[in-house]
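Values in this document were obtained by computation on a predicted structure and should not be read as measured data. Residue numbers begin at 1 in each chain, while the letters A, B, ... track the order of the sequences.
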Protein chains: 2
Amino acid sequence: MAAVDLSTHPGHLARRLQQAHYLLWNTMVSEEITSPQFAVLNALVAEPGLDQRTVGERVGLDRSTIAEVISRLSRRGLLDKVRDPQDGRRFLLRLTDEGMRTHRKLTVRTARMNQVFLAPLSAEEQAMFFDLIQRVSDAAEGLRNPVEPLASSKA
Amino acid sequence: MAAVDLSTHPGHLARRLQQAHYLLWNTMVSEEITSPQFAVLNALVAEPGLDQRTVGERVGLDRSTIAEVISRLSRRGLLDKVRDPQDGRRFLLRLTDEGMRTHRKLTVRTARMNQVFLAPLSAEEQAMFFDLIQRVSDAAEGLRNPVEPLASSKA
DNA sequence: AAGAAATAATCAGTGTGCTGATTAATTGAA
DNA sequence: TTCAATTAATCAGCACACTGATTATTTCTT
């Protein structure tokens, strides 16, 4: 009888939280555009003309995943890919008018959904919620991308 | 420029948290067994002989996903599927000795990983972290499985 | 200028996660 | 008791997410 209580396992909680969010997104925001897709649209509204890799960095998606997400958005006519004339390896990404419209529409609905999602928490608790999750995520990310010591002894 | 700050979007934060956890799991716990797979092993340690659907319910995975996870665990010889003689629709699931050993080994490593993952938070903050995430997840789940009003007007 | 190193994107392979449709078995009701 | 409803599992299809390998292009070095 060595079973463990998963409700104190942050990984399990993170997965449940994402599931809950996924459900709410589907009912309150969009069934076509997913949350990661919206994040990509949003990144390109903020910085039009980014390349694929950088968009991935902005929204936290790896090279393979970002490629698929972008290919879907492109297939639906929400963004354009153009070869960078300065650097033939890159594709420059830019929202279409349709992409802009979609982003605008979803921004409103997303705000409404976030309100519903966070409604069980008071304003102070919401701030705590953001802060705690961010600190844990940042720290874990830091563990994997260790800061190079100055005057490195690598050589 | 109507771009939004994703760091105040709980869905985005949930995704980042899960990614961070995934990375740490891979380096500190196992590259073969995933966190959902461990959750299934754990459920079957607690309650041997459960059927597939119920295991899914215990760990929070839908019918399709739990089927795939179980088929992988079964392929690796970590659990056995046997038709329920009482109800021919069900398969009863039970860990093999190898499955038991694996669960025991990963339990130790998982505990270590959780410590590292939560290290940036004080003990009080950790308690807060669990409580806030759980409340938000539970509330969102409740939205999707609405409690049938008593003396329902369904008919 | 030529070759080596680095970089952006793609591809192959695996795993999680969801919905809607189907199949097989059981249960419930006329 | 037979037929309808329910239920467990599977299947098809889509989307996210990661790693390792490959390809094309650029940059750096000599």
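If you measure from atom CD1 of Ile66(A) to atom C1' of dC11(C), you get 17 Å, rounded to the nearest angstrom. The CZ-P distance, from Arg89(A) to dT25(D), rounds to 11 Å in whole Å. Whole-Å rounding puts the Tyr22(A) OH to dA15(D) P distance at 10 Å. When the C1' atom of dG15(C) is taken as reference, atom CD of Gln37(B) falls 8 Å away, rounded to whole Å.
For dT26(C), neither phosphate oxygen OP1 nor OP2 lies less than 4.0 angstrom from any side-chain nitrogen or oxygen of Gln86(B). Applying the 4.0 Å criterion to OP1 and OP2 of dA15(D), one finds that Arg76(A) has a side-chain N or O inside that range. Remark: Gln19(B) is in phosphate contact with dC18(D), judged by side-chain N or O atoms under 4.0 Å from OP1 or OP2. OP1 and OP2 of dA24(C) both lie 4.0 Å or more from every side-chain N or O belonging to Arg90(B).
If you check distances only, the side chain of Ser64(A) does reach the base of dT19(D) with a donor-acceptor pair under 3.5 Å.
The side chain of Ala67(B) lies closest to dT10(D) when the candidates are dG17(C), dT19(C), dT10(D). Taking the side chain of Lys81(A) as heavy atoms from C-beta on, and the options dA9(C), dC18(C), dA15(D), the nearest nucleotide is dA9(C). Side-chain atoms of Glu68(A) lie closest to dA17(D) of the nucleotides dA17(D), dT19(C), dT10(D). If you check dA8(D), dA15(D), dA17(D) against the side chain of Arg75(A), the one that comes closest is dA15(D). With dA8(D), dT10(D), dA17(D) as the choices, the nucleotide that has an atom nearest any side-chain atom of Gln18(A) turns out to be dA17(D). Of the candidates dA8(D), dA17(D), dG17(C), the closest approach to any side-chain atom of Leu61(B) belongs to dG17(C). Each of dA21(C), dA17(D), dG20(D) was ranked by its minimum atom distance to the side chain of Arg63(B); first place goes to dA21(C).
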Next item on the list: Test Arg58(B) against Glu47(B) for salt bridge (charged side-chain N to carboxylate O under 4.0 Å, His left out), laying out the working first.
Entry: CA-CA 10 Å; Arg58(B) 292 279 190 282; Glu47(B) 300 174 87; 2.5 Å; yes

- prompt: Hey, mind stepping through Lys81(A) and Arg94(A) against side-chain contact (heavy atoms from CB on, under 4.5 Å) and telling me if it holds?
  reply: CA-CA 7 Å; Lys81(A) 283 174 74 163; Arg94(A) 213 169 280 280; over 6 Å; no

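Within a 6.0 Å sphere centred on CG of Asp97(B), other residues, nucleotides and ligands contribute 12 heavy atoms or fewer.
Using the six-membered ring where Trp is involved, Phe117(A) and His21(A) have ring planes that are perpendicular, over 60° apart on the 30 and 60° scheme.
Using a 4.0 Å heavy-atom criterion, one finds that Asp62(A) contacts the bases of the nucleic acid, with or without backbone contacts as well. Asn26(A) comes within 4.0 angstrom of nothing in the nucleic acid, heavy atoms only. Thr34(B) comes within 4.0 angstrom of the backbone, heavy atoms only, and of no base. Residue contacts for Arg16(B): at a heavy-atom cut-off of 4.0 Å it reaches no nucleic acid atom on any strand shown.
Looking at heavy atoms from C-beta onward, Gln134(A) lies in side-chain contact with Ser7(B) at the 4.5 angstrom threshold.
Rounded to the nearest 0.5 Å, atoms OG (Ser137(B)) and CG (Leu23(A)) are 11.0 Å apart.
Take the nearest nucleotide of DNA chain D for Ser35(A) and for Gly88(A): the residue whose nucleotide is more 5' is Ser35(A).
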